[in-house]
Visitor: 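Supplied in structure tokens, the structure appears directly below.
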Amino acid sequence: GGRIGCLRAIKEVADQLGGEIGQSLLEGLNYVEPGCEGMGLAHWSIVFNEPEMLKELSSLGVRMDSNHIFGIAEPLVLSVRQDKEKCVTTLLDLGADPLYPNDESCALMEALRKNNSRMLRILAPRTTNVEKTREMVLQAMEQSKDIEFTSTSQEFLLTLKNHIDRTRE
């Protein structure tokens, strides 16, 4: 029932139609409405904190890296900004990359900027590029002289840097 039931019904109709028409129907789920602040179905699933909806959308082929066409953040960055932990872990399980570029940022940098050590603990181990992660951590540590990081965040950054250094050896 509900929203997930509607998505399954769309999938069923698309399967019945088959061919290009069925494929077009499913591709329509990726549509991003300019009048809705450039947000697509994945974005709204995050706003309403519905990780199950994200899983269902992904199974239907909806892109989870919806490129912020109208300036809205891609879903993982939006999840970090809104501190939606279950959405973050769901997106990571679906293959989202914490280093996926979003304008001049990425999910890992958003967590660093927000001084959110809980999100950092979730994101950092899931990055695909150890060198880039280390570079960001070093940059954040350098900025921490100007930014007031909590002592827990500073300890975490140092631990993360040391862990990355050990894995490089």
Visitor: What verdict does the side chain to side chain contact (heavy atoms under 4.5 Å, CB included) test give for L123 and V80, after you've listed the backbone C-alpha separation in whole Å, the side-chain angles of each residue and the deciding distance to 0.1 Å?
Guide: CA-CA 9 Å; L123 295 167; V80 170; 3.8 Å; yes

Visitor: Are more than 12 heavy atoms from other residues, nucleotides or ligands located less than 6.0 Å from atom CG of L17?
Guide: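 Counting other residues, nucleotides and ligands, CG of L17 exceeds 12 neighbours.
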
Visitor: Between L76 and L92, does the side chain to side chain contact (heavy atoms under 4.5 Å, CB included) criterion hold? Intermediate values first, please.
Guide: CA-CA 8 Å; L76 186 59; L92 290 169; 4.0 Å; yes

Visitor: Heavy atoms only: give me the nearest H43-P75 pair and the separation to one decimal.
Guide: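 Reported closest heavy-atom pair: NE2-CD, 4.0 Å.
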
Visitor: Could you list the residues that satisfy side-chain contact (heavy atoms from CB on, under 4.5 Å) with S45, not counting sequence neighbours?
Guide: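 M53, L54, L57.
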
Visitor: Could you tell me which residues satisfy side-chain contact (heavy atoms from CB on, under 4.5 Å) with D15, sequence neighbours excluded, listed by chain and number?
Guide: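 So D15 forms a side-chain contact (heavy atoms from CB on, under 4.5 Å) with K11.
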
Visitor: Do you know which two heavy atoms are closest between A107 and V77, and how far apart they sit?
Guide: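 Closest approach of A107 to V77: N-CG2, 3.5 Å.
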
Visitor: Quick one: do K114 and M119 satisfy side chain to side chain contact (heavy atoms under 4.5 Å, CB included)? Show the steps, please.
Guide: CA-CA 9 Å; K114 289 178 87 51; M119 284 293 177; over 6 Å; no

Visitor: Is the shortest side-chain N to carboxylate O distance from K55 to D93 below 4.0 Å?
Guide: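 No salt bridge links K55 with D93.
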
Visitor: In chain order, what residues pass the side-chain contact (heavy atoms from CB on, under 4.5 Å) check against Q82, with sequence neighbours excluded?
Guide: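 Result, side-chain contact (heavy atoms from CB on, under 4.5 Å) vs Q82: I46, V47, L78, K84.
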
Visitor: If you round to the nearest 0.5 Å, how far is CG of L108 from CZ of R113?
Guide: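 Atom-to-atom, R113:CZ and L108:CG are 10.5 Å apart.
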
Visitor: About how many Å separate CZ of R121 and CG of N116, when rounded to the nearest 0.5 Å?
Guide: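 Going from CG on N116 over to CZ on R121, the span is 10.0 Å.
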
Visitor: OG1 of T90 to CD of E85: how many Å apart, nearest 0.5 Å?
Guide: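 Reported value, rounded in 0.5 Å steps: 10.0 Å.
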
